[in-house]
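Note that the structure is predicted; figures quoted are calculated from it, not measured. Residue numbers start from 1 in every chain, and the chains themselves are labelled A, B, ... in the order their sequence lines are given, proteins ahead of strands.
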Amino acid sequence: MSSEKQPERITPRAEDYSRWYLDVIRQASLAEPAEVVKGCMVIKPHGYAIWEKIQRALDDMFKATGHQNAYFPLLIPESFLKKEAEHVEGFSPELAVVTHAGGKELEERYVIRPTSETIIGHFFAKWIESWRDLPLLINQWANVMRWEMRTRMFLRTGEFLWQEGHTAHATHDEAREEVIRMLHVYGDFAETFMAMPVVRGIKTQSEKFAGALESFCIEAMMQDGKALQAGTSHDLGQNFGKAFDVKFQNKEGQQDFVWQTSWGVSTRLIGALIMSHSDDNGLVLPPKLAPVHVVVVPIYGKGADEALVREHGEAIAKELRGVGLTVVFDTRDYKPGFKYFEWEQKGVPLRIEIGPKDIEKNAIAYKDRLAEKKDFRSRDGLGPWASAFMDDFQKRLFERAKQRLADNTIEVDDWETFKKVFEGQESKFVMAHWDGTAETEARIKEELKVTVRCIPLDAKPEEGKCVLTGKPSKRRVLFSKSY
RNA sequence: CGGGGCAUAGCUCAGUCUGGUAGAGCACCUGCUUUGGGAGCAGGGGGCCGUGAGUUCGAAUCCCACUGCCCCGACCA
């Protein structure tokens, strides 16, 4: 390839979107390819810190909705996977299997969990006897492995981190309520914390989770117009209950199978974050998930009193920490300009510079990560100001993303226009009529690599004709290319 | 799994065609000088040239095999 003088340069989005994505990850020190382990990645401290923020916020939301955390084994007896026909069919191509342990071949092979419905089903069967044991609301934070042909950091890797909620209920209605409740937890999380607007919807039968009756999802639009499934929530019906004999005695004294749900989000959310907000200068993070809110950079001018600058820097950092912000006072021995670039690439929302001139004027210089130039303001009232800045920053990110989603969501009624929208690498969110058949979905996917991302929950009934076949349709569905 | 590319310093790569003591830039370390948008000078450390087997007096270089990684397609959170 070209022998770039600056290998640390970030490829502009317009030049090569997927290179840009990888460059941002590298420059922000979020992760790197595991290199010695196929298809896997190392999540570096700055990337993991974002995941920890995501975990904390979501975990609080799960607890608030009555769930408890537990942990199940990484290894699952191979026979378990086979108990639910559709489930095994969906996952078998991507399973990693343990065949040997302790120096000899295993009697029964284990698969490394691709998801835990089966082993959790096994234990639910032991734990549940009566309607009094229900609902059982469990969540697990774990790693899973799916052997993927092609990987992209955070979006699709062999091993990834996630949470998987697993619940059991006495009635289908109750399970259904849970599925919808968690879908909205995800939707709220995406919009409130990630500043990422999402479309809440139902998957088509061909896109749903293997083994579920129905899958719900939140779909987000990335900057290139493609959709990213950011979270899913499944109505498992009694499929796993029957496969694992998860029965309970109901109030009428009869045996019945439980109704189950499962729902999850993964480290893919970090990919979603990157592709929602970041720019050609690097990462941009919403304050609610940013590991560092403010970086304070000291400037030691000619003949300046270093100790004095340092003292002021410390005082500013302390003041900002006092209002709950995470602050780095960067006293490393680098030129200020070097630090500016580095922290910008890492997505810190606000930079404050403190030097002799500022001290003299009782001022600070600051740089908004979203602004072109830096600005100045008084030293007074820094805490409240910075705190309000973060709220505003979070809001600006959300508004910007919402605007982009609105601008790039269109209704299309004829096939020629539909094709034009998806020419080349182009993509938008297209609301169009669909005749509801898997055949039509397949044809569109084949020809344009476009799929039905979901049937939006808020889709209003509307008579129309399928954009491809002209057959009757009762509402529009969301079409897009996707990650 | 198909097609393509690559493998030499921490990183990006030159050197391979035409065999002869291992190279550059960046990064790193030390010192001095600097500090408001990626500093400068001087000195320094760092290599099983992916692995294995050949050819040869001699292999990063030639031959064979293997492995790994990246990119593009078919599958997927």
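For the pair A:R152 and A:Y21, the distance from NZ or CZ to the six-membered ring centre is under 6.0 Å and the angle to the ring normal is within 45 degrees. Under a cutoff of 6.0 Å and an axis angle of 45°, A:R351 and A:W343 do not form a cation-pi pair.
One C1' atom belongs to B:G45, the other to B:C26, and the distance between them is 16 Å to the nearest Å. Taking atom C1' on both B:U33 and B:C41, the two are 8 Å apart, rounded to the nearest angstrom. B:G50 and B:G68 are spaced 7 Å apart, taking the C1' atom of each and rounding to whole Å. Taking atom P on both B:G46 and B:C29, the two are 16 Å apart, rounded to the nearest angstrom. Between the P atoms of B:A27 and B:C11, the separation comes to 15 Å (whole Å). Comparing B:G54 with B:G2, their P atoms sit 30 Å apart, to the nearest whole Å. B:A60 and B:G20: their P atoms are spaced 9 Å apart (whole Å).
One donor-acceptor pair, N or O on each side, does fall under 3.5 Å between the base of B:G37 and the side chain of A:E344.
Remark on RNA chain B: of its neighbouring residues A:W162 and A:K449, the 5'-side contact belongs to A:K449, judged by nearest-heavy-atom nucleotide. When the nearest nucleotides of RNA chain B are assigned to A:P356 and A:G39 by heavy-atom distance, the more 5′-ward of the two goes with A:P356.
Judged as a side chain to side chain contact (heavy atoms under 4.5 Å, CB included), and not counting sequence neighbours, the contacts of A:D16 are A:T11, A:S18, A:R19. Legend: residues meeting side chain to side chain contact (heavy atoms under 4.5 Å, CB included) with A:A401, ordered by chain and number and at least two apart, are A:P197, A:H277, A:R404. The salt bridge (Lys or Arg N to Asp or Glu O under 4.0 Å) test applied to A:R200 returns A:D188, A:E191, not counting sequence neighbours. Every residue two or more places apart in sequence or in another chain that forms a side chain to side chain contact (heavy atoms under 4.5 Å, CB included) with A:Y334 is listed here: A:R332, A:F338, A:K339. For A:Q425, the side chain to side chain contact (heavy atoms under 4.5 Å, CB included) criterion is met by A:K226, not counting sequence neighbours.
Within a 6.0 Å radius of CD in A:E15, other residues, nucleotides and ligands contribute more than 12 heavy atoms.
The pair A:K445-A:E441 fails the salt-bridge criterion, with no side-chain N (NZ, NE, NH1 or NH2) lying under 4.0 Å from an Asp/Glu carboxylate O. Ion pairing between a basic and an acidic side chain is recognised when a charged N comes within 4.0 Å of a carboxylate O; A:E353 and A:K367 show no such pairing. A:D60 and A:R56 are not joined by a salt bridge, as no carboxylate oxygen comes within less than 4.0 angstrom of a charged side-chain nitrogen.
Rounded to whole angstrom, the span from the CZ atom of A:F376 across to the P atom of B:G36 amounts to 13 Å. Going from atom CD of A:E94 over to atom P of B:C75 covers 13 Å, rounded to whole Å. One atom, NZ of A:K374, and another, C1' of B:G37, lie 6 Å apart when rounded to the nearest Å. Remark: P of B:C71 and CG of A:D23 are 12 Å apart, rounded to the nearest angstrom. Rounded to an integer number of Å, the gap from A:I359 CD1 to B:U35 C1' is 14 Å. Put simply, CD on A:E32 is 9 Å from P on B:C11, counting in whole angstrom units. To the nearest angstrom, C1' of B:G38 lies 14 Å from CD1 of A:I299. As rounded to whole Å, 15 Å separates atom C1' of B:G38 from atom NZ of A:K346.
In the set B:U35, B:C72, B:G38, B:G38 carries the atom at the smallest distance from any side-chain atom of A:F338. Checking B:A39, B:G38, B:A74 against every side-chain atom of A:K335, the shortest atom distance belongs to B:A39. Comparing B:G37, B:U35, B:C28 by their nearest atom to the side chain of A:Y334 picks out B:C28. The nucleotide whose nearest atom lies closest to any side-chain atom of A:A365 is, among B:G36, B:G37, B:G38, B:G36. When distances run from any side-chain atom of A:K367 to the nucleotides B:A77, B:G36, B:G37, the shortest one goes to B:G37. Taking only side-chain atoms of A:F160, from C-beta outward, the nucleotide of B:G36, B:U35, B:A77 with the closest atom is B:A77.
For the segment residues 176-192 of chain A, no residue has any heavy atom less than 4.0 angstrom from an atom of RNA chain B. At a non-hydrogen distance threshold of 4.0 Å, nothing from residues 418-430 of chain A comes into contact with RNA chain B. Of the residues in residues 199-234 of chain A, those with a non-hydrogen atom less than 4.0 angstrom from any atom of RNA chain B are A:Q229.
A side-chain donor-acceptor contact under 3.5 Å links A:S480 to the backbone of A:K428. Distance alone, capped at 3.5 Å, is enough to place a donor-acceptor pair between the A:E164 side chain and the A:S116 backbone.
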Quiz: residues 39-54 of chain A side-chain donor-acceptor pairs under 3.5 angstrom, not counting sequence neighbours:
{"unit_1": "A:K44", "atom_1": "NZ", "unit_2": "A:E32", "atom_2": "OE1", "d": "3.2"}
{"unit_1": "A:H46", "atom_1": "ND1", "unit_2": "A:A28", "atom_2": "O", "d": "3.2"}

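If you check every strand for non-hydrogen atoms under 4.0 Å, A:L22 touches sugar and phosphate atoms only. Among the atoms of the strands shown, base atoms are found under 4.0 Å from some heavy atom of A:E306. Among the heavy atoms of the strands, none lies under 4.0 Å from A:R332. The residue A:P298 sits apart from the nucleic acid: no heavy atom pair falls under 4.0 Å. Residue contacts for A:K357: at a heavy-atom cut-off of 4.0 Å it reaches a base atom on one of the strands shown. A:T157 comes within contact range of at least one nucleobase, with a heavy-atom separation under 4.0 Å.
Across all strands shown, B:G73 forms a Watson-Crick or G-U wobble pair, both distances under 3.5 Å, with B:C1. Look at B:C6: its Watson-Crick or wobble partner, with both distances under 3.5 angstrom, is B:G68. Nucleotide B:U55 forms no Watson-Crick or G-U wobble pair with any nucleotide shown, as no partner meets the under 3.5 Å limit on both distances. Partner assigned to B:U34 is none, using Watson-Crick or G-U wobble distances below 3.5 angstrom. Under the Watson-Crick and G-U wobble criteria, each requiring two contacts below 3.5 Å, nucleotide B:A22 is left unpaired.
Closest approach of A:F209 and A:S215 over heavy atoms only: N-OG, 2.9 Å.
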Between protein and nucleic acid, restricted to nucleotides 6-9 of chain B and to nitrogen or oxygen atoms under 3.5 Å apart, what atom pairs and distances do you find?
none

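Each salt bridge (Lys or Arg N to Asp or Glu O under 4.0 Å) pair with one or both residues in residues 113-123 of chain A, not counting sequence neighbours, would appear here, but there are none. Applying the ring-ring contact (aromatic ring centres under 6.0 Å, His included) test to pairs two or more places apart or on separate chains, none has a residue in residues 288-315 of chain A.
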Original post:
A:W141 and A:L161: side chain to side chain contact (heavy atoms under 4.5 Å, CB included), yes or no, with the steps?
Top reply: CA-CA 8 Å; A:W141 288 97; A:L161 304 182; over 6 Å; no
